[in-house]
Enquirer: 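Provided herewith is a single structure, encoded as structure tokens, for subsequent inquiry.
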Amino acid sequence: MPFPIRSRGVAALTALGLLLALAIGSVAQSATQPSTARTDPAPDTLFPNQGDPRYDVRSYRVRLHYAPETNRLEATATISARARHRLTTFDLDLEGMKVGDVRVDGRDAAWTRHGHKLVVRPTHAVDGTFTTTVEYAGVPREHTDVDGSTEGWVRTPDGAVALGEPVGAMTWLPSNNTPGDKARYTFKVTAPSSVQVAANGNLVARIRHGNQTTWTWRATDPMSTYLATIAVGKFTIYKSRTKSITGRRIPLWSFADPTTDTSATLRDVLPEVIRFEEKRFGAYPLASAGMIIDNARVGYALETQTRPFYPYGAGVTTLVHEMAHQWYGDSVTLRDWHDIWLAEGFATYAEWLWGAAHGEATPAVRFDRLYATPAENELWHPAPTEFVDPADLFGTPVYTRGAMTLQALREKVGGTDFFAILKAWAKEHRHGNARTAQFVALAERVSGEDLGTLFSDWLELDGKPTGY
Ligand code: TRP
Ligand code: ZN
């Protein structure tokens, strides 16, 4: 049985009222939520209200029924997790949707909702591994970001596609919605047999029963919630494989909306892009690859794990960018959203490498041209890791100054050490989460040079770094 939703009681505040409400709020807070223990990882510094550091999800099993005409889904999520210490209550992130039964280790649990927090109170405290089952249903909301972009469960003319960066996964999946908690996923999606279903990983079953078909996708590589995707709609499916530099066969699953199928160029070049990036970044880190090209009216592509999403009409440079994310972003994932240059700076640098190999300017020339940008330009403000506004998450400093940081590193340590650093980074942190300080330490270890000033100039200094 759900608890009644407790009001936060912080409306209509005077200055004194604010102090009182904060005091009361913190008492009420500690009554329901035990404070985090010293062993818990810190919450994300950009989105501190996402995720719950007190437990670690091992796997999500999502059974989902979807009706494209109404955009309604009915789902059960089974979440296996490990509590870092004894918990009498824990949170999941879920925005919108109607919640039905919540069970913990098979017993009905009490729950309340506060904004996007689904607060679960099991009948018995959990410690160590525990399994939560959440039944939920409804028409998922799209989530609008502070920069005005749309994510979450995004409607298309014939279905929907789930795009989770940075926080949109909570619109369709009750989850520990923070990049530091990677897990394995199974998606069992039932939809009318007239549509197709793509997701991350490998398709392991497709079973037709009457006019419905159940598609089972399994993503066995650890994955952050923002990289999880499901796409339902009319798709042409292209199945092939390519060979990794290790000799392993990589299955390729590509799904393209037939009304706007611009996939031929991208599908043709994909094996070449994988080889190009393997030579520079090391072996492809994931179980499969491919793409989803759909008619979602969002202005971006997204590096959804193993199967990036592209709006139709996306070109080869975008493919190079999203594929580079499979190493940098997906396999090696930022620990904190403030480290996002570790994804976007690297993916942008991959575009520069590809461009140079295809008759465009070299990274050195691009760097020099960009370096001539006047000091007041937005390229230089705020520094890549120093933004405070989530609207700057996808800003020019993160992408372009982030890529320039890598070129500055290359010019300092030389090409041989530079590519050794890129490869070691992908290898040592494969399937993990990492921070900027760890990258700096690794670059110093490989090159034997002191790189503190270079990285603080390029990543932390507000304004244009001098002397480069
Ligand atoms: N991470 C995506 C990429 O660069 C871009 C992206 C995702 C984005 N969501 C966004 C950009 C919202 C701007 C706004 O591949
Ligand atoms: Zn990117």
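As the structure lists them, so they are numbered: ligands from 1, and atoms in each ligand from 1. Count residues from 1 along the sequence.
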Enquirer: Parallel under 30°, tilted from 30 to 60°, perpendicular over 60°: which one fits the rings of F187 and Y185?
Expert: parallel
Enquirer: Measure the distance from atom 1 (N) of ligand 1 to every protein heavy atom, then report the residue, atom name and distance (to 0.1 Å) of the closest one.
Expert: E165 OE1, 2.6 Å
Enquirer: For ligand 1, which atoms, with element, lie under 4.0 Å from some heavy atom of A301?
Expert: 2 (C), 3 (C), 5 (C), 15 (O)
Enquirer: Measuring to the Zn ion (ligand 2), does E322 have an N/O/S atom at a distance below 2.8 Å?
Expert: no
Enquirer: Ring-plane angle category for W341 and F455, please: parallel below 30°, perpendicular beyond 60°, tilted otherwise.
Expert: tilted
Enquirer: What do you reckon, does D147 have a nitrogen or oxygen under 3.5 Å from a nitrogen or oxygen of ligand 1?
Expert: no
Enquirer: Heavy-atom pairs closer than 4.0 Å: do any link ligand 1 to the side chain of L163, the backbone, both, or neither?
Expert: neither
Enquirer: With a sphere of 6.0 Å drawn around OH of Y312, does it hold more than 12 non-hydrogen atoms of other residues, nucleotides or ligands?
Expert: no
Enquirer: Is atom CZ of R63 surrounded by more than 12 heavy atoms (other residues, nucleotides or ligands) closer than 6.0 Å?
Expert: no
Enquirer: For N/O/S atoms only: which one belongs to E344 and is nearest the Zn ion (ligand 2)?
Expert: OE1
Enquirer: If you take the nearest heavy atom of each of Y300, F394, Y399, which one is closest to atom 3 (C) of ligand 1?
Expert: Y399
Enquirer: What part of P166, side chain from CB on, backbone N/CA/C/O, both or neither, has a heavy atom under 4.0 Å from ligand 1?
Expert: neither
Enquirer: Do the rings of F367 and Y371 sit parallel, tilted or perpendicular, given the 30° and 60° boundaries?
Expert: parallel
Enquirer: Is the shortest distance from a heavy atom of E151 to ligand 1 less than 4.0 Å?
Expert: no
Enquirer: Within a distance under 4.0 Å of any heavy atom of E344, pick out the atoms of ligand 1 and give their elements.
Expert: 1 (N), 2 (C), 3 (C), 4 (O)
Enquirer: Angle between ring planes, W172 versus W153, binned at 30° and 60°: parallel, tilted or perpendicular?
Expert: tilted
Enquirer: Report the relative orientation of the aromatic rings in W425 and F439; use parallel for angles under 30°, tilted for 30 to 60°, perpendicular for over 60°.
Expert: perpendicular
Enquirer: Just wondering, more than 12 heavy atoms not from R72 lying within 6.0 Å of its CZ?
Expert: yes
Enquirer: S149 heavy atoms, cut-off 4.0 Å: which ligand 1 atoms fall inside?
Expert: 12 (C), 14 (C)
Enquirer: Using a strict 4.0 Å cut-off to heavy atoms of E303, name the atoms of ligand 1 that fall inside it.
Expert: 1 (N), 2 (C), 3 (C), 15 (O)
